[in-house]
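The block underneath contains the structure these notes are about, expressed in structure tokens.
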Amino acid sequence: MRLLPHASAIHRFTVDRHVVETCVEASALIRDVARPDVLVVAALLHDIGKGSLTEHSVAGEPIARAVATRIGFDAEAVDLVALLVRRHLLLARTATTRDPDDPATLEAVTSLVPSAEALSLLAALTEADAKATSPQAWTSWRAGLVHDLASRARSALERGSAPPAIPVDEVEVPDAVRAGGTSITVERVGDGSRVTVVAPDRVGLLADVAATFALQRVAVRAARVWSQGDHGVSVWDVADDRLDAGRLRDQYDGVAQRRVDAAARLRPRATPGELAPAVVVRPEASDQATVLEVRAADRLGVVHQVCSALADLDISVRSAHVSTLGPQAVDVFYVQEAHAAALSETRAADAAHAVRDRLSPRAPG
């Protein structure tokens with residue numbers, strides 16, 4: 001892997017330099033784990049499998065196991081090093097693309113990481129790896145997601161019980177919303193904002209809110225959606241810490257009342273060499289919803305286009321999780337039928353096809 005470039009442009013360094021930088025970052029975290037020696041060796045070896053056609057964490061595990069054995073680690077420590085190399089992407093991927101409140105999300109972590117000690121090491125390696133990659137890979141938002149997931153998983157491992165069911169949130173519905181209006185509130189959170197929208201529930205509500213953010217050129221990171229009686233509630237984490245609720249409300253009114261043609265303004269345009277969007281159904285990701293994983297060129301309006309395509313099929317979005325590294329957006333949507341059930345295989349296939357068609361660029365004119 002000497003002087004080997006990374007496939008993702010977000011990396012600052014070649015692979016060999018990156019693993020050394022990961023060791024440097026890991027050295028600042030050794031007081032947080034029980035086996036600092038295992039952490040630093042795993043940091044050195046975590047990308048050792050790059051350069052082959054096999055997925056690098058899979059290819060790297062047997063190499064790391066052989067190196068750790070040759071160094072002189074006992075069998076238990078060798079297993080830990082191998083596990084960390086094999087699963088070093090698990091927390092970051094899961095935290096940024098899965099619903100943290102879905103029991104299947106915690107199970108996806110705890111079924112692969114067998115102990116609280118291993119989880120602490122994995123969390124430290126995840127942080128060191130991200131910090132060595134680039135500042136964009138370890139923002140306060142990403143750090144919060146990873147730390148929250150690791151904390152929940154650690155509690156589940158220590159408790160030894162099944163993760164709790166998805167909680168039902170309740171918010172106070174303003175009188176103006178009960179009278180048919182819409183409430184939009186903004187709260188600054190870290191390096192972004194949390195926007196709560198409460199409105200009479202209807203098909204297409206989520207698509208209109210997503211269009212509001214896109215037209216204001218505000219990048220969406222995640223969204224949670226639920227129904228509360230006759231009202232729809234959505235909470236959005238966005239990458240802008242200076243949002244004005246009044247401007248958002250004006251833009252939303254224009255979209256909702258169709259004075260602004262959001263679909264036309266946000267329609268994707270063909271770009272030479274751009275890869276076609278991919279939409280995959282992930283049946284293993286949740287028992288309570290259908291999970292669609294969407295990969296497309298990173299552009300404003302992707303969340304709106306997905307939500308709009310699903311609304312046309314009378315499919316509701318329960319939560320959305322948006323991740324962007326380099327030029328590609330990887331967005332995950334938890335969707336349900338209107339009566340809160342997972343989609344059938346046929347409906348899931350129809351949804352995937354509709355989303356893929358909506359995201360496919362049209363030639364100009």
Side-chain angles (χ1 to χ4, degrees), residues 9-10 92 95-100 130-131 133-149 169 171 174 177 182-199 204-226 232-257 259-263 265-268 294-308 317 319-333 359:
I10 195 173
T96 55
T97 63
R98 294 292 182 260
D99 186 343
K131 286 180 174 178
T133 298
S134 71
Q136 297 94 327
W138 195 249
T139 61
S140 61
W141 173 71
R142 288 180 180 276
L145 292 179
V146 171
H147 289 157
D148 179 63
L149 176 61
D169 293 312
V171 301
V177 176
T182 300
S183 168
I184 299 178
T185 58
V186 177
E187 174 191 2
R188 183 171 177 176
V189 180
D191 59 351
S193 298
R194 181 162 294 153
V195 181
T196 301
V197 181
V198 186
L205 173 61
L206 196 67
D208 286 350
V209 179
T212 298
F213 290 120
L215 292 170
Q216 290 287 313
R217 306 195 66 79
V218 175
V220 173
R221 291 169 167 171
R224 286 193 63 210
V225 185
W226 65 94
V233 182
S234 58
V235 179
W236 302 76
D237 287 317
V238 299
D240 190 327
D241 59 2
R242 297 184 178 182
L243 283 182
D244 179 76
R247 289 187 61 189
L248 285 177
R249 174 60 185 269
D250 290 343
Q251 183 72 76
Y252 170 81
D253 287 344
V255 173
Q257 296 169 18
R259 297 195 308 270
V260 176
D261 189 349
R265 290 180 57 177
L266 297 173
R267 183 176 296 120
V294 178
R295 294 175 180 263
D298 181 36
R299 59 165 65 92
L300 289 168
V302 170
V303 177
H304 160 71
Q305 288 148 8
V306 173
C307 292
S308 177
V317 177
S319 66
H321 309 268
V322 180
S323 179
T324 302
L325 288 177
Q328 178 175 251
V330 182
D331 299 347
V332 177
F333 297 82
L359 291 173

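In this text, all values refer to a predicted model and were calculated from it rather than measured experimentally.
- The closest side-chain heavy-atom distance from Asp240 to Arg217 is not below 4.5 Å.
- Of all heavy-atom pairs between Ala92 and Val146, the closest is CA-CG2, 4.2 Å.
- Of the options Val209, Leu243, Asp253, Thr185, a side chain to side chain contact (heavy atoms under 4.5 Å, CB included) to Leu248 is made by Leu243 and by none of the others.
- In this structure Asp241 satisfies the salt bridge (charged side-chain N to carboxylate O under 4.0 Å, His left out) test together with Arg188, sequence neighbours excluded.
- Between Val260 and Leu215 there is a side-chain heavy-atom pair separated by less than 4.5 Å.
- Atom-to-atom distance recorded for Arg221:CZ and Thr139:OG1 is 5.0 Å, nearest 0.5 angstrom.
- Note that the CG atom of Leu206 and the NE2 atom of His304 stand 11.0 Å from one another [nearest 0.5 Å].
- A ring-centre distance under 6.0 Å is found for Trp138 and His147.
- Rounding to the nearest 0.5 angstrom, the gap separating the CG atom in Asp250 from the CZ atom in Arg259 is 8.5 Å.
- A side chain to side chain contact (heavy atoms under 4.5 Å, CB included) with Val177 holds for exactly one of Val197, Val198, Val233; it is Val198.
- Nearest heavy-atom pair, Ala245 versus Ile184, reported as atom, atom and distance to 0.1 Å: CB-O, 3.8 Å.
- In this structure, the side chains of Val238 and Ser193 come closer than 4.5 Å at one or more pairs of heavy atoms.
- Residues that satisfy the side-chain contact (heavy atoms from CB on, under 4.5 Å) test with Thr96, not counting sequence neighbours, are Arg142, Leu145, Ser323.
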Please report the C-alpha distance between Glu187 and Thr196 in whole Å, then the side-chain angles of each, then the deciding distance to 0.1 Å, and finally whether the side-chain contact (heavy atoms from CB on, under 4.5 Å) criterion is met.
CA-CA 8 Å; Glu187 174 191 2; Thr196 301; over 6 Å; no
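- A heavy-atom distance below 4.5 Å is not found between the side chains of Trp236 and Val218.
- Side-chain contact between Leu359 and Val302: present, with at least one pair of heavy atoms (C-beta onward) separated by less than 4.5 Å.
- Of the possible polar contacts, none joining the Arg98 side chain to the Val332 backbone as a donor-acceptor pair under 3.5 Å is found.
- Between Trp141 and Val189 the shortest side-chain heavy-atom distance does not fall below 4.5 Å.
- Interatomic distance, Tyr252 OH to Thr182 OG1, rounded to the nearest 0.5 Å: 4.0 Å.
- For the atom pair CG of Asp244 and CZ of Arg249, the computed distance is 12.5 Å after rounding to the nearest 0.5 Å.
- Take Asp237 and apply the salt bridge (charged side-chain N to carboxylate O under 4.0 Å, His left out) test, not counting sequence neighbours, and it matches Arg194.
- Of all heavy-atom pairs between Ala256 and Asp208, the closest is CA-OD2, 3.8 Å.
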Show your working on side-chain contact (heavy atoms from CB on, under 4.5 Å) between Phe213 and Leu300 and close with a plain yes or no.
CA-CA 9 Å; Phe213 290 120; Leu300 289 168; over 6 Å; no
